[in-house]
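These numbers come from the heavy atoms of this one structure, side chains and all, not from hydrogens, waters or symmetry mates.
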Amino acid sequence: MSDVTVASINQAIGGKLAVLFGGRSAEREVSLKSGAAVAAAFASQGVAVETIDVADDGWMQYLQAEFSNVFIALHGPGGEDGTVQGALDCLGVKYTGSGVMASALAMDKFRCKLLWLGMGLSTPKFIELTAASDWAAIITDLGAVIVKPACEGSSIGMSRAATAEELRGAWQDAQAYGRVFAEQWVVGSEYTVAILNGVALPAIKLETDAAFYDFNAKYVSDETRYLCPCGLSTQEELELSELALAAFNSLGCEGWGRVDVMRDIDGRFYLLEVNTVPGMTDHSLVPMAAKQAGLNFEQLVLAILAGSIGEGTAG
């Protein structure tokens with residue numbers, strides 16, 4: 001990490017830092033934990049900080065009156081999809097992470113994958129699901145699939161389907177979260193790569209006894225296994241890091257984020273999604289990767305904030 005100091009951070013923000021958390025998305029509880037952890041890390045280092053729940057009335061007026069810099073710890077729609085980023089742009093408030101366009105593209109996993117297809121970046125086959133979908137034909141074409149809401153995170157609304165009947169049921173369940181698509185089920189290993197100020201941090205291999213890395217495996221279970229170092233060869237991890245950076249940059253993402261990837265049994269990597277405001281809880285992956293790279297949690301949050309105010313980079 002470069003010589004980012006608390007003094008330089010305090011001078012740059014010129015007062016108190018706001019941590020935006022909570023909100024009204026299905027990921028509210030995770031966001032509350034992330035924001036609390038981030039705020040505590042700043043406070044422990046002498047950075048004046050205050051948490052603001054964007055579900056509260058009048059938060060924008062209060063923010064505009066009191067703050068010039070924000071750490072966004074909001075997950076899901078309303079916080080990770082460009083909405084709050086656009087509001088902060090209008091208010092003239094600096095914020096961590098990606099801007100409006102990149103946030104919106106990353107949040108919409110379906111359109112993100114369309115972009116990757118156009119750029120020749122590897123991603124599993126997929127198809128949008130509607131009431132008019134031919135469920136049997138989709139299973140014939142793709143085989144087993146994972147059904148996903150296009151604009152949710154934390155594996156909310158996701159389920160696996162291997163038959164036409166299961167596919168229709170999964171679509172019906174996921175509809176509560178908006179548009180839905182099916183993605184070809186990749187048999188193999190799952191990895192995640194954190195990006196911090198233009199640098200890919202060490203990859204993490206995820207292992208779970210669940211059908212897939214679902215909400216429980218991410219935030220509740222103590223049985224999920226996180227391998228970092230991830231067990232890939234130096235060349236394989238370089239290939240994975242380059243793919244993750246290409247995916248991140250393809251959307252115009254900035255600052256920090258996390259890219260999720262599958263590797264099939266033949267060794268080919270497939271992009272799943274980009275998270276522009278990853279979790280920062282005690283089960284979260286970015287802090288694990290940062291630790292492997294030599295950054296503790298406090299140094300990590302400073303580096304993320306520094307990236308948004310031009311006070312240095314991580315490396």
Check: [Y] and [X] side chains under 4.5 Å, non-hydrogen atoms:
{"X": "Leu121", "Y": "Thr123", "result": "no"}
{"X": "Ser250", "Y": "Leu115", "result": "yes"}
{"X": "Thr192", "Y": "Asn275", "result": "no"}
{"X": "Ile309", "Y": "Ile9", "result": "yes"}
{"X": "Glu273", "Y": "Cys112", "result": "no"}

Is it true that the side chains of Tyr62 and Glu50 contain a donor and an acceptor less than 3.5 Å apart? yes
I'd like to know if the side chain of Ser31 pairs up with that of Ser34 as donor and acceptor (distance under 3.5 Å, no hydrogens or angles considered).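 Judged by distance alone, the side chains do not pair up.
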Between atom [atom1] of [X] and atom [atom2] of [Y], what is the distance when rounded to the nearest 0.5 Å?
{"X": "Ser241", "Y": "Phe248", "atom1": "OG", "atom2": "CZ", "answer": "13.5 Å"}
{"X": "Thr130", "Y": "Trp171", "atom1": "OG1", "atom2": "CH2", "answer": "7.0 Å"}
{"X": "Arg179", "Y": "Asp108", "atom1": "CZ", "atom2": "CG", "answer": "4.5 Å"}
{"X": "Ile195", "Y": "Ser98", "atom1": "CD1", "atom2": "OG", "answer": "11.0 Å"}
{"X": "Met288", "Y": "Leu300", "atom1": "CE", "atom2": "CG", "answer": "12.5 Å"}
{"X": "Leu167", "Y": "Gln172", "atom1": "CG", "atom2": "CD", "answer": "10.0 Å"}

Is the backbone of [Y] close enough, under 3.5 Å, to the side chain of [X] for a donor and an acceptor to pair up by distance?
{"X": "Glu80", "Y": "Thr276", "answer": "yes"}
{"X": "Thr96", "Y": "Ile72", "answer": "yes"}
{"X": "Asn249", "Y": "Leu245", "answer": "yes"}
{"X": "Gln64", "Y": "Gln61", "answer": "no"}
{"X": "Ser189", "Y": "Arg263", "answer": "no"}
{"X": "His75", "Y": "Val277", "answer": "yes"}
{"X": "Lys205", "Y": "Arg225", "answer": "no"}
{"X": "Glu239", "Y": "Glu236", "answer": "no"}
{"X": "Ser25", "Y": "Glu27", "answer": "yes"}
{"X": "Gln45", "Y": "Ala41", "answer": "yes"}

So, Glu183 and Lys109, do they make that salt bridge, N to O below 4.0 Å? no
Inspect the surroundings of CD in Glu66 and state if more than 12 heavy atoms from other residues, nucleotides or ligands are less than 6.0 Å away.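 Yes, CD of Glu66 has more than 12 neighbouring heavy atoms, counting only those of other groups under 6.0 Å.
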Counting only heavy atoms not in Glu207, do more than 12 sit closer than 6.0 Å to its CD atom? yes
Parallel, tilted or perpendicular: rings of Phe126 and Phe181 (30°, 60°):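 Correct class here is perpendicular.
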Give the ring-plane orientation class for Phe71 versus Phe42, where under 30° counts as parallel, over 60° as perpendicular and anything between as tilted.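 Answer is perpendicular, since the angle exceeds 60°.
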Following the transitive rule for hydrophobic clusters with a side-chain heavy-atom cut-off under 4.5 Å over Ile, Leu, Val, Met, Phe, Trp and Tyr, establish whether [X] and [Y] coincide in one cluster.
{"X": "Tyr95", "Y": "Met60", "answer": "yes"}
{"X": "Val70", "Y": "Trp256", "answer": "yes"}
{"X": "Ile146", "Y": "Tyr191", "answer": "no"}
{"X": "Val19", "Y": "Leu88", "answer": "yes"}
{"X": "Val199", "Y": "Val193", "answer": "no"}

If you look at every heavy atom in [X] and [Y], which pair is closest and at what distance?
{"X": "Asn10", "Y": "Ala48", "value": "OD1-N, 4.2 Å"}
{"X": "Gly22", "Y": "Leu32", "value": "CA-CD2, 3.6 Å"}
{"X": "Leu63", "Y": "Ala18", "value": "CD1-CB, 3.6 Å"}
{"X": "Leu272", "Y": "Met262", "value": "CD1-CG, 3.5 Å"}
{"X": "Ser133", "Y": "Ile138", "value": "CB-CD1, 4.0 Å"}
{"X": "Trp59", "Y": "Leu20", "value": "CZ3-CD1, 4.1 Å"}

Of all residues at least two apart in sequence or in a different chain, which pass the ring-ring contact (aromatic ring centres under 6.0 Å, His included) check with Trp116? none
Could you walk me through whether Met280 and Ile304 pass the side chain to side chain contact (heavy atoms under 4.5 Å, CB included) check? CA-CA 12 Å; Met280 293 286 276; Ile304 293 170; 4.2 Å; yes
What's the verdict on side chain to side chain contact (heavy atoms under 4.5 Å, CB included) for Thr224 and Leu206, showing C-alpha distance, side-chain angles and the deciding distance? CA-CA 7 Å; Thr224 304; Leu206 313 172; 5.5 Å; no
Yes or no on side chain to side chain contact (heavy atoms under 4.5 Å, CB included) for Cys151 and Asp81, after CA distance, side-chain angles and deciding distance? CA-CA 8 Å; Cys151 297; Asp81 59 358; over 6 Å; no
Residues Phe21, Asp53; criterion side chain to side chain contact (heavy atoms under 4.5 Å, CB included); working and verdict: CA-CA 5 Å; Phe21 73 160; Asp53 189 340; 4.0 Å; yes
